[in-house]
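Model, not experiment: these values are computed from the prediction. Order of the sequence lines sets the chain letters (A, B, ...), proteins ahead of strands, with each chain counted from 1.
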There are 2 protein chains.
Amino acid sequence: MHASVSPATGADTVATDVDTVATDLGVVMKQLLVSSSRDFFAAVEQAGFTFTQVKCLHLLGDAAEPRPLNALSETLGLSGPAISRAVDGLVQRGEVKRTEDPRDRRSKLLTLSPRGRRTIDHFVAIRFAGIKRFVEGLTDDEREALGAGVSPLARRLES
Amino acid sequence: MHASVSPATGADTVATDVDTVATDLGVVMKQLLVSSSRDFFAAVEQAGFTFTQVKCLHLLGDAAEPRPLNALSETLGLSGPAISRAVDGLVQRGEVKRTEDPRDRRSKLLTLSPRGRRTIDHFVAIRFAGIKRFVEGLTDDEREALGAGVSPLARRLES
DNA sequence: TATTGTTATACTCTATAACTATA
DNA sequence: TATAGTTATAGAGTATAACAATA
């Protein structure tokens, strides 16, 4: 028998207690990760970047101001030398610009170059394509319900 | 002005074209990954497993039948020696049982031990706790809409 | 001969320690 | 002295190549 009266959507209501939603969300997330990660990982390897380097690029891309090396080190939870090597490779490839901080010449300020920006855009596009492929595999009803579920969260979460 | 008539939920309808849903889904997934990955990574490191070993455990946990080493190698996309070393560590720790295949003595069959099963359950519980924490941070309306969106997908996706 | 798995060796990435330059 | 970053060295983890056992 039906658990409750159906709303105007015409569909039966579903259990939406915390545990049920968390469980279902986990199932969807797992599948989505598979869909969206494969091409992304392949692209990073193809381009010859390490994941640490990709994280550095993303961090610098999100930053409004030039960042010193130790800021990346702390945010990513990696040692100074590890970041130093990763960034050095990015500088040599022209993805990142590294300049002395005139106010403290011990510090080096890092900024994304136009090439680095294009690199990020490339990786973001690949990620998005994977997610889009997942959404395209849904029925119209599934997509509409999912959109109604994630839209308000996206509005609130996105910076 | 309003894009269309509001349904019985009392909320405005939202755009649910593929690109919009994919974009919003990406935002939510990103936040969810942050919420659910931190403790998981810490737990894996704390327990002294490599991520390859955790993947091996999950794979053996999902398998109905004992699996030979090269099956893990192919599924995970890693070299035979890498899997051999990872599995060897799991065998020494009593997480996995490794026996000769009586029908082909070149092959070794791998199965999860009861201890390995407990290890997986532990990691799954930590993952779930992270997702649950995310869901608990939602308002009732947000949680109900999200549940309605992911529930039908979970029904269809889960094995 | 071909295949399954292991051992030998080299490479990459990271961490700790030592070092340089600046504050 | 303390701090930012780099260089030196050692430890994981992986891949390719060489090997052993079985088919």
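- Taken to the nearest 0.5 Å, the OG atom of A:S107 stands 6.5 Å off from the CG atom of A:N70.
- A:L112 and A:V124 end up in the same hydrophobic cluster when Ile, Leu, Val, Met, Phe, Trp and Tyr side chains are linked at under 4.5 Å.
- With rounding to the nearest 0.5 angstrom, the CG atom of B:L109 is 10.0 Å from the CD atom of B:E65.
- Rounded to a whole Å, the CZ atom of A:R103 is 12 Å from the P atom of C:dA23.
- Taking atom CZ on A:R105 and atom P on C:dT20, their separation rounds to 17 Å, with Å as the unit.
- As judged by a 4.0 angstrom heavy-atom cut-off over every strand, B:S79 is placed among the base-contacting residues.
- Among the atoms of the strands shown, only primed sugar atoms or phosphate atoms (P, OP1, OP2) are found under 4.0 Å from some heavy atom of B:L78.
- Annotation: of the two residues near DNA chain C, B:D88 and A:F51, the 5′-most nearest-nucleotide partner is B:D88.
- Nucleotide D:dA23 holds its P atom 8 Å from the CD atom of B:E100, rounded to whole Å.
- Position along DNA chain C of the nearest nucleotide to A:I83 versus A:P102 favours A:I83 as the more 5'-ward residue.
- When distances are taken from the side chain of A:S107 to each of D:dT22, D:dA4, D:dT9, the shortest belongs to D:dA4.
- Between the side chain of A:R143 and the main chain of A:E136, no donor-acceptor pair closer than 3.5 Å is present.
- Proximity of B:N70 to the phosphate of C:dT3: no side-chain N or O atom is located under 4.0 Å from OP1 or OP2.
- The distance between atom CZ of A:F49 and atom C1' of C:dT12, rounded to the nearest whole Å, is 16 Å.
- Put simply, CG on A:L72 is 13 Å from C1' on D:dG5, counting in whole angstrom units.
- Side-chain atoms of B:P81 lie closest to C:dT7 of the nucleotides D:dT7, C:dT14, C:dT7.
- Listed candidates were D:dT16, D:dT22, C:dT6. Nearest to the side chain of B:K108 is C:dT6.
- Between A:F40 and A:F51, the ring planes are tilted. Angles from 30° to 60° get that label.
- Phosphate contact (OP1/OP2 of D:dG5, side-chain N/O of A:S84, threshold under 4.0 Å): absent.
- For B:D104, the side-chain atoms get nearest to D:dT22 when compared with the rest of D:dG13, D:dT22, D:dA15.
- Taking only side-chain nitrogens and oxygens, B:R106 never comes nearer than 4.0 Å to OP1 or OP2 of C:dT3.
- As a whole-Å value, the separation of B:L69 CG from C:dT6 C1' is 10 Å.
- Contact annotation: B:R98 does not reach the phosphate of C:dT4 (side-chain N/O to OP1 or OP2, under 4.0 Å).
- One can place CG of B:L110 at 14 Å from C1' of C:dT6, the figure rounded to the nearest angstrom.
- Between A:T52 and C:dC13 there is no side-chain N or O to OP1 or OP2 distance below 4.0 Å.
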